[in-house]
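Model, not experiment: these values are computed from the prediction. So that the names make sense, note that chain A is the first sequence line, chain B the second, and so on, each numbered from 1.
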There are 2 protein chains.
Amino acid sequence: MTEETARPVIRVLLADDEGMIRSALAALLRLEGDIDVIAECADGLQAVAEAERLQPDVCLLDLEMPGLDGVEVAERLRRTIAARCVVVTRHARPGVLRRALSAGVAGFLPKSRDAGEVAAVIRRVAAGARYVDPEIAADALSDERCPLTDRELDVLRAGRRGETTAQIARALSLAPGTVRNHVSAILAKLAVDTRQQAVLLSQDRGWI
Amino acid sequence: MTEETARPVIRVLLADDEGMIRSALAALLRLEGDIDVIAECADGLQAVAEAERLQPDVCLLDLEMPGLDGVEVAERLRRTIAARCVVVTRHARPGVLRRALSAGVAGFLPKSRDAGEVAAVIRRVAAGARYVDPEIAADALSDERCPLTDRELDVLRAGRRGETTAQIARALSLAPGTVRNHVSAILAKLAVDTRQQAVLLSQDRGWI
DNA sequence: CCCCGGCCATGACATCTGTCACGGATCTAG
DNA sequence: CTAGATCCGTGACAGATGTCATGGCCGGGG
């Protein structure tokens with residue numbers, strides 16, 4: 001980089017629970033002259049803490065992390081620091097993208113893309129632009145929004161591990177019959193036959 | 001590398017369905033003087049075809065791939081070419097390790113490890129040694145084997161997406177009552193309450 | 001040989017789950 | 001205010017699921 005003033009070093013925080021990809025991305029980014037990886041985090045809470053401490057220019061956040069996921073991290077950081085966030089995800093679905101954008105995320109990149117693109121996206125985002133993967137963006141335009149009501153999503157979430165009706169009812173302080181009713185509505189709306197299929201479909205779409 | 005004769009270049013085939021980690025690993029490995037990435041594959045079938053065509057020294061295989069998974073690829077290659085295989089996985093469970101070792105895999109590395117270790121493992125494996133992640137190996141020694149019978153595993157697999165009893169019965173050419181009986185045995189053995197919990201537990205343990 | 005243990009398969013029965021019709025609460029539009 | 005729409009909560013009913021007892025089939029000992 002010959003023009004340090006025109007292109008100052010971009011300070012990047014990296015968060016991904018998968019050690020191999022985290023370290024690989026960090027190594028590749030460090031090869032770029034204008035990018036400085038100042039922190040590597042393995043979960044969402046750590047990412048928030050380090051970001052608030054170090055005030056990076058850009059946060060590169062994996063979506064799937066224990067504790068807080070990438071979008072939740074971005075949402076918290078929006079209120080406390082000025083960093084711009086890029087969310088990277090394995091399962092890039094329109095629902096997830098919508099969630100990310102409404103959390104103020106500046107970049108959205110599926111892990112199916114080449115690692116070489118990451119540096120380019122970081123530069124664009126650091127320069128104030130937004131970047132959304134074109135393919136996902138196209139999908140998001142012509143897709144169906146989640147047809148489930150809030151309470152139905154609660155029920156689905158409470159039963160996503162195969163919990164029994166009685167357990168869900170206890171967790172949400174409802175009568176078992178009410179839970180069954182919600183489940184019934186969910187199955188009808190999603191046009192599937194069992195709870196498990198409803199859970200899989202909703203996870204696939206990024207609704208839960 | 002000053003001694004090319006003592007350390008000839010290791011020809012590596014790389015297979016991972018996640019483009020970002022595949023390209024990142026390829027880029028890092030190419031920085032090593034003694035490693036040559038000769039192929040990058042996105043799924044198991046492609047990996048088998050390319051391996052048989054190019055005869056690599058080492059195959060670095062992701063476990064989770066569409067089509068054939070990493071262990072299945074290793075199993076096929078064992079009979080056709082001399083390449084040694086390293087399996088890399090996100091969910092490193094004792095059951096998976098056992099499956100991998102009985103397929104003749106020479107190296108086993110979870111994705112929680114640092115990307116820098118990959119090159120070292122490739123060198124050791126290429127030199128004829130075996131490498132198994134010490135942490136997983138320790139787990140594998142003191143663990144419980146799958147208590148389910150073959151037929152019970154069939155039923156579990158056939159119902160892993162939330163299929164209905166009737167659908168499972170049709171898929172396996174059984175009476176619905178028989179399927180319910182197997183399911184009942186599964187739930188008792190795994191000490192869980194629903195099919196979905198049984199599926200999740202078994203996937204977690206690497207049994208299906 | 002016969003018995004035993006494991007696995008697979010089946011039908012009857014009890015329980016759980018999904019469906020339906022209903023009432024109450026809240027919000028919006030007219 | 002009232003009508004309509006939407007969502008939440010509930011109980012009664014039918015059908016699917018899980019449990020149990022039973023029998024056939026094989027392979028390994030006594």
Side-chain angles (χ1 to χ4, degrees), chain A residues 95 98-99 102 143-208, chain B residues 95 98-99 102 143-208:
Chain A
R98 215 190 316 278
R99 213 159 65 84
S102 72
D143 86 317
E144 70 280 63
R145 189 164 297 255
C146 174
L148 301 180
T149 177
D150 289 348
R151 204 63 173 148
E152 285 161 0
L153 283 174
D154 288 342
V155 171
L156 205 56
R157 266 188 280 267
R160 102 196 91 141
R161 296 251 167 235
E163 286 84 350
T164 203
T165 301
Q167 290 172 324
I168 299 172
R170 241 173 286 130
L172 299 180
S173 300
L174 289 177
T178 306
V179 172
R180 292 203 299 274
N181 193 20
H182 285 305
V183 171
S184 182
I186 292 167
L187 299 183
K189 284 180 182 174
L190 302 186
V192 296
D193 291 325
T194 66
R195 293 175 192 201
Q196 189 173 352
Q197 287 177 5
V199 169
L200 290 172
L201 183 69
S202 301
Q203 284 176 341
D204 196 56
R205 295 262 214 282
W207 293 337
I208 56 177
Chain B
R98 214 190 316 279
R99 212 158 66 83
S102 73
D143 85 318
E144 71 278 66
R145 192 163 296 257
C146 173
L148 301 180
T149 177
D150 289 348
R151 205 65 173 147
E152 284 161 1
L153 283 173
D154 287 343
V155 171
L156 204 56
R157 265 188 280 266
R160 103 198 90 142
R161 296 255 167 232
E163 285 83 350
T164 201
T165 301
Q167 290 172 324
I168 299 172
R170 240 172 288 129
L172 299 180
S173 300
L174 289 177
T178 306
V179 172
R180 291 205 298 274
N181 193 19
H182 284 305
V183 170
S184 182
I186 292 166
L187 300 183
K189 283 180 182 174
L190 302 186
V192 296
D193 292 325
T194 68
R195 295 175 191 201
Q196 188 173 353
Q197 287 178 5
V199 169
L200 292 172
L201 184 69
S202 301
Q203 283 175 341
D204 195 57
R205 294 263 214 280
W207 294 337
I208 57 177

Rounded off to whole Å, could you give me the CD-to-C1' distance for the A:Gln196 and C:dG18 pair? 16 Å
Expressed as a whole number of angstroms, how long is the span from B:Gln167:CD to D:dG15:C1'? 16 Å
With a 4.5 Å limit on heavy-atom distance, are the side chains of B:Arg180 and B:Pro176 in contact? yes
Rounded distance in Å - CD (A:Gln197) to C1' (C:dT17): 15 Å
A:Ile168 CD1 to D:dG9 P, in whole Å, measures 14 Å
What is the per-nucleotide protein-contact pattern of nucleotides 8-15 of chain C, from the 5' end, where B denotes a base atom under 4.0 Å from a protein heavy atom, S denotes such proximity for sugar-phosphate atoms only, and - denotes neither? SBB-B---
Atom CZ of B:Arg170 to atom C1' of D:dA16: distance rounded to whole Å? 14 Å
In whole Å, what is the span from the NZ atom of A:Lys189 to the P atom of D:dT6? 11 Å
In whole angstroms, how far is the C1' atom of C:dG18 from the CZ atom of A:Arg195? 9 Å
If I take atom CG from residue B:Leu148 and atom CG from residue B:Leu153, how far apart are they, to the nearest 0.5 angstrom? 5.0 Å
Give me each pair satisfying side chain to side chain donor-acceptor pair (under 3.5 Å) with a member in residues 150-160 of chain A, each pair once, sequence neighbours excluded. A:Arg151-A:Asp154, A:Glu152-A:Lys189
Base, sugar-phosphate, or nothing for B:Ser184, non-hydrogen atoms under 4.0 angstrom? base
Quick one: A:Leu187 CG to C:dC20 C1', roughly how many Å, whole number? 14 Å
